[in-house]
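The first residue in the sequence is number 1, and the count goes up from there.
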Amino acid sequence: MIYSTDGIISNWQDIESYKERNLYYKLFTGYLFNELLPGYHQNKLSFFNLLRDQLDQNQFGPDEINGIDLGAVLNDFAFSEIHVTFDYHLVQTDKTYKDRGEMSDILIWCDKYFLSIEAKYLSDWTYDKDIVQVQERIVRLKTEPPKRGIQVLLIKSEKWENARKHKNHLGSNFALLKNNQDNLKIPVIITTWEQLMGIIPEKRVQAYLMKQMKRKPNQRLIQTN
């Protein structure tokens, strides 16, 4: 089963993929944004409410789009029909764009806006690669009718707290993000996997995500008694 972590799977830590895409595919496709499951509309509402809750402390750059504050924009997402896709590259729609880097791990469209999620799990995030370069791709995206983008960085809470703790260190990613807000072209919202866990009512999905959060970059699980 998708969310099995015990039972017949005695060596789960060896056979469960450690790739970021495995985690976000299972969570977003298998559960949060699966319109075939009961509770889909509540899951969608909870997700965008979670992002709205981050606006006071964990949002950087512009706090509005076309004169509309981000809270209202996220509310539009929550109550609109959305389309969700994964591993999106700008070259799909702009053949002249030479940058072959990925624009979105998770891309969510609604009628007026789109939301681009960069999902980091075991790997670290950097200001240049995961904020600046991704923003350049988002800004370049042309749609008909024109849509405006929001960027989301989804990371583990310990990585976010560690970044904040080292804000005075040379080359601090948190300091670069905070001190260059005027240079950011679109809004950036930071949220964590642990916060995401808090909006999931399904116990099996919670247990799966909790076990994933115990994994370390060496691809092994923390051994617990």
Side-chain angles (χ1 to χ4, degrees), residues 20 23-24 27-28 32-33 42-80 82 104-108 110 112-136 138-139 148-201 206 209-210 212-214:
E20 271 115 351
L23 182 56
Y24 60 74
L27 192 61
F28 285 86
L32 279 176
F33 291 135
Q42 182 57 51
N43 286 341
K44 184 177 71 165
L45 179 62
S46 295
F47 177 75
F48 289 108
N49 283 344
L50 170 62
L51 294 185
R52 195 164 57 227
D53 289 344
Q54 309 312 309
L55 297 183
D56 287 339
Q57 298 294 326
N58 295 324
Q59 188 266 314
F60 302 86
D63 57 6
E64 60 179 34
I65 297 179
N66 289 345
I68 300 174
D69 71 84
L70 290 183
V73 172
L74 292 170
N75 199 56
D76 273 356
F77 272 104
F79 292 100
S80 297
I82 62 172
S104 312
D105 288 320
I106 306 150
L107 180 60
I108 305 173
C110 73
K112 300 176 184 176
Y113 312 101
F114 64 92
L115 191 146
S116 177
I117 302 176
E118 178 74 17
K120 310 297 286 188
Y121 165 37
L122 296 177
S123 58
D124 291 322
W125 69 281
T126 67
Y127 173 74
D128 288 335
K129 181 177 182 293
D130 299 307
I131 302 296
V132 175
Q133 290 183 23
V134 171
Q135 286 222 341
E136 290 173 355
I138 292 173
V139 170
R148 298 294 302 276
I150 299 174
Q151 184 179 13
V152 172
L153 180 62
L154 174 60
I155 56 177
K156 292 179 70 173
S157 61
E158 67 178 271
K159 291 186 179 293
W160 181 235
E161 291 308 315
N162 189 58
R164 296 175 69 101
K165 188 187 305 181
H166 293 88
K167 62 183 180 181
N168 295 324
H169 287 204
L170 183 65
S172 161
N173 286 303
F174 179 82
L176 288 169
L177 177 60
K178 186 174 180 61
N179 297 335
N180 287 286
Q181 293 197 66
D182 291 342
N183 297 324
L184 295 174
K185 300 174 182 178
I186 61 173
V188 179
I189 301 172
I190 312 295
T191 193
T192 70
W193 293 103
E194 288 82 1
Q195 290 171 329
L196 209 55
M197 191 188 308
I199 67 168
I200 295 173
Q206 281 186 4
L209 185 52
M210 188 177 300
Q212 286 281 38
M213 290 302 101
K214 293 179 181 178

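By the 30° and 60° cut-offs, the orientation of the rings of Phe77 relative to Tyr113 is tilted. Relative orientation of the Phe33 and Phe28 rings is tilted, given thresholds of 30° and 60° on the angle between their planes. The aromatic rings of Trp160 and Trp125 sit tilted, their planes meeting at an angle between 30° and 60°.
With rounding to the nearest 0.5 Å, the separation of CD in Gln206 from CG in Leu196 is 11.0 Å. The distance from atom CG of Asp105 to atom CG of Asp130, rounded to the nearest 0.5 Å, is 9.0 Å. The NZ atom of Lys44 sits 12.5 Å away from the CG atom of Leu32 when rounded to the nearest 0.5 Å.
Here the side chains of Val188 and Gln135 are in contact, with some heavy-atom distance below 4.5 Å. Counting only heavy atoms from C-beta outward, the side chains of Asp76 and Lys112 approach each other to under 4.5 Å. Contact of the Ile150 side chain with the Ile189 side chain is registered, since non-hydrogen atoms from C-beta on lie closer than 4.5 Å. Residues Leu209 and Met213 have side chains in contact (heavy-atom distance under 4.5 Å, counting atoms from C-beta outward). In this structure the side chain of Leu153 reaches within 4.5 angstrom of the side chain of Ile190, judged on heavy atoms.
With Phe174 as reference, Lys167 is the one residue of His169, Lys165, Lys167 to meet the side-chain contact (heavy atoms from CB on, under 4.5 Å) rule.
Between Tyr127 and Leu184, the shortest heavy-atom distance links the atoms OH-CD2, 4.1 Å.
Residues passing the side-chain hydrogen bond (donor to acceptor under 3.5 Å, both in side chains) test with Thr126: none are found, sequence neighbours excluded.
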